[in-house]
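Only one structure is covered here, and it is reproduced in the block below.
Below, all heavy atoms of this structure are taken into account, side chains as well, without hydrogens, waters or symmetry copies. What you see is a predicted model; the values in this text were computed from it and never measured.
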2 protein chains.
Amino acid sequence: MAEELDRRAQILDAAFEEFAAKGFKGATIKSIAGTARLQSPALIYWYFPDKEALFREVLSSRIPVVRAVADPTPLLDLPPEELLPRIGRAYFAFEQLDTRTLRLVVGEAVRRPEVAEMFVKSGPGKVLDFLKTYLEHQVELGRLRPHDVRSSARAFMGMLIPQLAGRLFLPTLTEDGLTDEEHLKTSVNVFLSGLRPDS
Amino acid sequence: MAEELDRRAQILDAAFEEFAAKGFKGATIKSIAGTARLQSPALIYWYFPDKEALFREVLSSRIPVVRAVADPTPLLDLPPEELLPRIGRAYFAFEQLDTRTLRLVVGEAVRRPEVAEMFVKSGPGKVLDFLKTYLEHQVELGRLRPHDVRSSARAFMGMLIPQLAGRLFLPTLTEDGLTDEEHLKTSVNVFLSGLRPDS
DNA sequence: TAGCCTCGATTGAACGTTCTGTCAAGAGAG
DNA sequence: CTCTCTTGACAGAACGTTCAATCGAGGCTA
């Protein structure tokens, strides 16, 4: 049709779909070629040396980099009441980290340490590191009581996970109808009440 | 060697190892037969109709049922300071739900809704339901301030997840050396301080 | 006791299919 | 004519699965 412009990108897109839907082993060169509407699967080997390399390229081209904390310095002085919901919403929104990407990454990460590390470093690790720095700073400012920020950073990130996992993979988990925004609000509230200086 | 006693169990064990390590597609009938030290892969078909059925049997025989909340009634009146750490430790201990099982289940659940549902119903769903009931009860007792327990139940479960995920799949996430027990203590502390009646 | 039969369990060989990856030939543009 | 891209056919291996043959233990008959 249209995009004979960039065959490479066309193949990468199709490979992403297939890998996300069926996993590395489940997706086949043939099915990828089919999705990419190629006349022959052989064409894939013109652009990529083998299936493994294609997979790696898909990963590195699709794993999103968390932009919410790209430049953390201006965020450090924001009050937690403002910053935490912001992080949380970026979390839930996942502008680019959609279901398919997460499916792809999580599905492979449980068995491939390199993928796991790539994933952590690209997103959760950064958010976690930022949160540790931020929370530490807030403690110094006296806005939060002293505590182990390694733990509270994990805790805040984690509080939102069941809701997110429910929406993405485990719908049974969120059958009680709680919305993202409601959950975020309550979570931030509990978290901050628990870390108030006077508590 | 020893266990020509129960071939069926022997095959199930091997299949569990293989499926957990390589996934449904990655594990082969031949590799399962090899792990089970069978002379021929054909023997598997004497005990199971096909690979899919073998996989289902492995799942239902290995997915653990959470026992910590098996009979919730006597737990309802325990004070949160006592019950939450208990839940948390059961969480971290995972007497039967070891890394391999979680690898197996999570790896497949992201792409197979039936597996996802089976997983949720067997464990996280039960814990979540229990927590909702328990927290509601504690609110009624006046030990916790009124709030949306759907959200706090998720939040408490979630707080522990990054630590657990770090230990199991994403070691990069827990490189800062925080121990399970430290994290549990801080998390419970923050959670309960945040939900104290007078806050 | 000896010979035969039965039956669940096991085996190696083979089936058809599907997989990744290769290759030589060709199309199209400059 | 040359170079980049595309093609269908194909090789070789691995896949899940089937099958006929075989094994050994136990029962039946003489």
Side-chain angles (χ1 to χ4, degrees), chain A residues 1-62 103-104 107-108 111-112 114-115, chain B residues 1-62 103-104 107-108 111-112 114-115:
Chain A
M1 299 282 197
E3 48 257 285
E4 279 146 10
L5 300 168
D6 198 347
R7 267 281 143 82
R8 208 186 141 80
Q10 183 184 354
I11 292 171
L12 276 173
D13 284 351
F16 168 65
E17 291 301 336
E18 287 292 309
F19 283 138
K22 307 175 188 169
F24 177 75
K25 284 278 179 183
T28 70
I29 292 289
K30 206 165 146 189
S31 73
I32 293 171
T35 303
R37 283 192 227 93
L38 305 183
Q39 209 102 17
S40 161
L43 186 52
I44 291 176
Y45 290 94
W46 176 258
Y47 294 93
F48 304 92
D50 56 23
K51 190 186 177 185
E52 182 67 33
L54 173 57
F55 178 71
R56 276 198 303 269
E57 284 246 10
V58 167
L59 262 195
S60 54
S61 73
R62 289 289 181 153
R103 218 182 281 275
L104 169 67
E108 302 297 328
R111 276 182 267 274
R112 304 187 25 164
E114 349 97 51
V115 178
Chain B
M1 301 278 197
E3 49 257 283
E4 279 146 10
L5 298 168
D6 198 347
R7 266 283 144 82
R8 208 185 140 80
Q10 184 184 353
I11 293 171
L12 276 173
D13 284 351
F16 168 64
E17 292 297 340
E18 286 292 308
F19 284 138
K22 307 176 187 170
F24 177 75
K25 286 276 181 185
T28 70
I29 291 290
K30 204 165 145 190
S31 73
I32 294 171
T35 302
R37 284 193 224 92
L38 305 183
Q39 207 107 16
S40 161
L43 186 53
I44 291 177
Y45 290 90
W46 177 259
Y47 295 92
F48 304 92
D50 55 24
K51 190 186 178 187
E52 181 68 33
L54 174 57
F55 178 71
R56 276 199 302 270
E57 283 245 12
V58 167
L59 263 195
S60 55
S61 72
R62 290 287 181 154
R103 217 182 283 275
L104 168 66
E108 300 299 326
R111 278 183 263 276
R112 303 183 31 160
E114 350 97 49
V115 178

For atom CD1 of Ile11(A) and atom C1' of dT7(D), their distance in whole Å: 13 Å
Backbone N/O of Arg56(A) and side chain of Ser60(A): donor-acceptor pair under 3.5 Å: yes
Integer-rounded Å distance: dT18(D) P and Ile29(B) CD1: 11 Å
Within residues 40-48 of chain A: residues closer than 4.0 Å to DNA chain C (heavy atoms): Ala42(A), Tyr45(A)
Student check: side-chain heavy atoms of Ile32(B) and Phe19(B) closer than 4.5 Å: yes
Is there any protein nitrogen or oxygen under 3.5 Å from a nitrogen or oxygen in nucleotides 14-18 of chain C, and what are the pairs?
none

pair Phe24(B)-Lys25(A): side-chain heavy atoms closer than 4.5 Å: no
Main-chain N/O of Thr28(A) paired to Lys22(A) side chain as donor or acceptor, under 3.5 Å: no
Thr35(B): partners by side chain to side chain donor-acceptor pair (under 3.5 Å), with sequence neighbours left out: Glu18(B)
Gap between atoms CZ and C1', on Arg37(B) and dT11(C) respectively (whole Å): 19 Å
Gln39(A) CD - dC5(D) C1' separation (whole Å): 14 Å
Arg111(B) side chain to Ala20(A) backbone, donor-acceptor under 3.5 Å: yes
Sugar-phosphate only, base, or nothing, as touched by Ala33(A) at under 4.0 Å among non-hydrogen atoms: nothing
Protein-nucleotide distance (Ile32(B), atom CD1; dT17(D), atom P), rounded to Å: 10 Å
Whole angstrom value for the distance that separates P of dC19(C) from CD of Glu52(A): 18 Å
Salt-bridge present (Glu108(A), Arg62(A); N to O < 4.0 Å): no
Arg7(B) side chain near dA9(C) phosphate (N/O to OP1/OP2, under 4.0 Å): no
Side chain to side chain, Phe55(A) and Arg112(A), heavy atoms closer than 4.5 Å: yes
Verdict with reasoning, Phe48(B) to Leu12(B), per side chain to side chain contact (heavy atoms under 4.5 Å, CB included): CA-CA 10 Å; Phe48(B) 304 92; Leu12(B) 276 173; 3.8 Å; yes
Atom pair distance, as rounded to whole Å: CG in Leu38(B) and C1' in dT11(C): 11 Å
